Amino acid sequence: RMARTKSSGRWLQRHVNDPYVKQAQKDGYRSRSAYKLVELNDKDRLIRPGMYVMDLGSAPGGWSQVRSRLLGDRGRVLATDILPMDPIRNVEFVQGDFTDEAVLQTLLERTGGQKFDLIVSDIAPNLTGIDSADQASSMYFLELAIDTVRRTLKPGGAFVAKMFQGSGSDAWLKDLRTSFEKVSIRKPGASRPEAREGYVVAKGFRG
């Protein structure tokens, strides 16, 4: 019990002193992860006004907030998560599991058949602490995300996803490269140094 208290105390201290947490409070973002997208966008120029964007695993809404601000009134975001999410201007939210075909159909109906310019996924599985199980869950979500991308992304569009490197990730990247002109892996400064996560930025969807 003592060890857990120590480690949770360390987490809390690191969280409170985290410059991204402080900046998020100042800028009105719901999560520090907003800055991962800000940084990715600065580097890869992903978001332009007038775009139609899908946000997979959107709660609490930090990434949707960034996109809403960058798109302004000339654009639309369709967001989905299993967890509820408080409203954000110019963001339409569907609560449900996108891996469920019925939820995906609801999302597709909301678009009226229009395809997306950009699809982003910041989904992480509920971590168990068992590395092999967590990696398998993470790859499962990525497999389903790429399936959704192939069905709903416009030719020439882009896809950004959180990925934990490990078992299955190389094969998934190889598969992804068959559908996109260019695939890069980024590690934003806002990702905690100890985290195994990276972000895949895929551009030029071949359709």
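This one's a predicted model, so the numbers in the text were calculated from it and none came from an experiment. In what follows, every heavy atom counts, from backbone to side chain, and hydrogens, waters and symmetry copies are set aside.
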Student: Looking at Arg30 and Gly61, would you say the former's side chain and the latter's main chain have a donor-acceptor pair under 3.5 Å?
Tutor: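 No.
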Student: Apply salt bridge (charged side-chain N to carboxylate O under 4.0 Å, His left out) to the pair Arg32 and Glu39, showing each step before the final yes or no.
Tutor: CA-CA 12 Å; Arg32 70 188 293 291; Glu39 199 175 324; over 6 Å; no
Student: For Leu108 and Thr111, which heavy atoms make the closest approach, and how far apart are they?
Tutor: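 Scanning both residues completely, I find the closest heavy atoms to be O-OG1, 2.6 Å.
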Student: I'd like to know if the side chain of Lys162 reaches the main chain of Ser138, judged simply by a donor and an acceptor atom lying under 3.5 Å from each other, with no hydrogens or angles considered.
Tutor: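 Judged by distance alone, no pair lies under 3.5 Å.
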Student: Hydrogens and angles aside, do Asp81 and Ser58 bring a side-chain donor and acceptor to less than 3.5 Å of each other?
Tutor: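 Judged by distance alone, the side chains do not pair up.
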Student: Whether the side chain of Tyr35 engages the backbone of Ala24 through a donor-acceptor N/O pair (distance < 3.5 Å, no angle test) should be reported.
Tutor: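 Yes, because the side chain of Tyr35 sits within donor-acceptor range (under 3.5 Å) of the backbone of Ala24.
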Student: Does one hydrophobic cluster hold both Leu37 and Phe141, with members joined at side-chain heavy-atom distances below 4.5 Å?
Tutor: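 Each belongs to a different hydrophobic cluster.
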Student: Compare all side-chain heavy atoms of Arg67 with those of Val91 and state whether any distance is below 4.5 angstrom.
Tutor: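 Not in contact.
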Student: Could you grab the distance from atom OG1 of Thr152 to atom CG of Leu107, nearest 0.5 Å is fine?
Tutor: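 Rounded to the nearest 0.5 Å, the OG1-CG separation comes out at 8.5 Å.
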Student: Cut-off 3.5 Å, side chains only: do Asn90 and Ser68 have a donor facing an acceptor?
Tutor: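 Not at all, the side chains of Asn90 and Ser68 share no donor-acceptor pair under 3.5 Å.
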Student: With a 3.5 Å cut-off and no angle check, do the side chains of Glu109 and Gln105 form a donor-acceptor pair?
Tutor: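 Glu109 vs Gln105: no donor-acceptor pair found between side chains.
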Student: Does some side-chain heavy atom of Tyr29 sit less than 4.5 Å from a side-chain heavy atom of Gln23?
Tutor: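 No, every pair of side-chain atoms sits at 4.5 Å or beyond.
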Student: Run the salt-bridge test on Glu197 and Lys36 with the 4.0 Å N-O cut-off and return the result as yes or no.
Tutor: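 Between Lys36 and Glu197 there is a salt bridge, with a charged N closer than 4.0 Å to a carboxylate O.
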Student: Report whether Ile47 and Leu56 are members of the same hydrophobic cluster (ILVMFWY, side-chain heavy atoms less than 4.5 Å apart, transitive linking).
Tutor: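 No; tracing contacts between hydrophobic side chains, which count when under 4.5 Å, never links both residues.
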Student: Can a salt bridge be assigned to the pair Glu181 and Lys203 using a cut-off of 4.0 Å between side-chain N and carboxylate O?
Tutor: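 Salt bridge absent between Glu181 and Lys203.
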Student: Checking the side chain of Asn41 only, and the main-chain atoms of Leu46 only, is there a donor and an acceptor separated by less than 3.5 Å?
Tutor: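 Checking the backbone N and O of Leu46 against the side chain of Asn41, a donor-acceptor pair under 3.5 Å is found.
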Student: Does any non-hydrogen side-chain atom of Val200 lie less than 4.5 Å from one of Ser184?
Tutor: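 No, side chains not in contact.
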Student: Mind checking whether Ile123 and Ile146 sit in one hydrophobic cluster, side chains of I, L, V, M, F, W, Y counted as touching below 4.5 Å?
Tutor: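 Cluster IDs for Ile123 and Ile146 match.
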Student: Is Asp73 paired with Arg89 through a side-chain N to carboxylate O contact shorter than 4.0 Å?
Tutor: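 Counted as a salt bridge, because a side-chain N and a carboxylate O are separated by less than 4.0 Å.
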Student: Between Ser64 and Ile88, what is the shortest heavy-atom contact and its length?
Tutor: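 So the two residues come closest at CB-CD1, 3.8 Å.
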Student: Indicate yes or no for a side-chain donor-acceptor contact from Gln95 to the backbone of Ile82 under 3.5 Å, with no hydrogens or angles considered.
Tutor: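 At least one qualifying donor-acceptor pair exists.
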Student: Would you check if Leu78 and Asp55 make a side-chain contact, meaning some heavy-atom pair closer than 4.5 Å?
Tutor: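 Leu78 vs Asp55: side chains apart.
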Student: Applying the 4.5 Å side-chain criterion to the ILVMFWY set and letting contacts propagate, would Val120 and Met54 be lumped into a single cluster?
Tutor: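 Unlinked, Val120 and Met54 end up in two clusters.
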Student: Looking at Thr106 and Ala102, would you say the former's side chain and the latter's main chain have a donor-acceptor pair under 3.5 Å?
Tutor: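 Present.
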Student: Quick one, Val53 and Arg76 - any side-chain contact, counting heavy atoms below 4.5 Å?
Tutor: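 Not in contact.
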Student: The test is side chain to side chain contact (heavy atoms under 4.5 Å, CB included); show your working for Leu173 and Met163 and say whether it passes.
Tutor: CA-CA 10 Å; Leu173 280 169; Met163 184 186 80; 3.9 Å; yes
Student: Is Arg150 paired with Glu143 through a side-chain N to carboxylate O contact shorter than 4.0 Å?
Tutor: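 The answer is no: the pair does not qualify as a salt bridge.
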Student: What are the two closest non-hydrogen atoms of Ala145 and Phe159, and how far apart are they?
Tutor: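 Taking every non-hydrogen atom into account, CB-CZ, 4.1 Å.
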Student: Are the side chain of Trp172 and the backbone N or O of Leu142 linked by a donor-acceptor pair below 3.5 Å?
Tutor: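 Confirmed, Trp172 side chain pairs with Leu142 backbone.
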Student: What heavy-atom pair brings Arg69 and Gly28 nearest, and what distance separates the two atoms?
Tutor: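 Smallest interatomic distance, heavy atoms only, reads NH2-O, 3.6 Å.
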Student: If we only count heavy atoms from C-beta on, is the Ser169 to Met139 side-chain gap below 4.5 Å?
Tutor: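 Sidechains of Met139 and Ser169: in contact.
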Student: What I'd like to find out is whether the side chain of Leu144 reaches to under 4.5 Å of the side chain of Phe98, using heavy atoms alone.
Tutor: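 In short, these two side chains touch, coming nearer than 4.5 Å.
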Student: Roughly how far, to the nearest 0.5 Å, is the CD1 atom of Ile130 from the CD atom of Gln135?
Tutor: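 Reported to 0.5 Å precision, the distance equals 14.0 Å.
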Student: Would a single hydrophobic cluster contain both Met51 and Phe205, if residues Ile, Leu, Val, Met, Phe, Trp and Tyr are joined by side-chain heavy-atom contacts under 4.5 Å?
Tutor: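 No, separate clusters.
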Student: Rounded to the nearest 0.5 Å, what's the gap from NZ on Lys115 to CG on Leu153? Could you check?
Tutor: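 Reported value, rounded in 0.5 Å steps: 8.5 Å.
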Student: Output the distance between atom CZ (Arg151) and atom CD1 (Ile119), rounded to the nearest 0.5 Å.
Tutor: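 So the gap between those two atoms works out to 11.0 Å.
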Student: Any chance you could measure Leu104, atom CG, to Thr80, atom OG1, to the nearest 0.5 Å?
Tutor: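 Taking CG in Leu104 and OG1 in Thr80, the distance rounds to 9.0 Å.
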Student: Given 3.5 Å as the limit, does a donor-acceptor pair link the side chain of Gln65 with the main chain of Ser31, or not?
Tutor: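 It does not hold such a pair.
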Student: Compare every heavy atom of Ala202 with every heavy atom of Leu176, then report the nearest pair and how far apart it is.
Tutor: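 In terms of heavy atoms, the two residues are closest at CD2-CB, 4.1 Å.
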Student: Find the distance between NZ (Lys154) and OH (Tyr52) and round it off to the nearest 0.5 Å.
Tutor: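 That separation rounds to 9.5 Å.
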Student: For Phe180 and Val149, run side chain to side chain contact (heavy atoms under 4.5 Å, CB included): C-alpha distance rounded to whole Å, both residues' side-chain angles, the deciding distance at 0.1 Å, then the answer.
Tutor: CA-CA 11 Å; Phe180 287 87; Val149 163; 3.9 Å; yes
Student: Inspect the surroundings of CZ in Arg206 and state if more than 12 heavy atoms from other residues, nucleotides or ligands are less than 6.0 Å away.
Tutor: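 Check passes, neighbour count above 12.
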Student: Could you verify whether a donor N or O on one side chain and an acceptor N or O on the other, from Arg186 and Tyr199, lie under 3.5 Å apart?
Tutor: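 Looking only at side-chain atoms, Tyr199 and Arg186 do not form any donor-acceptor pair under 3.5 Å.
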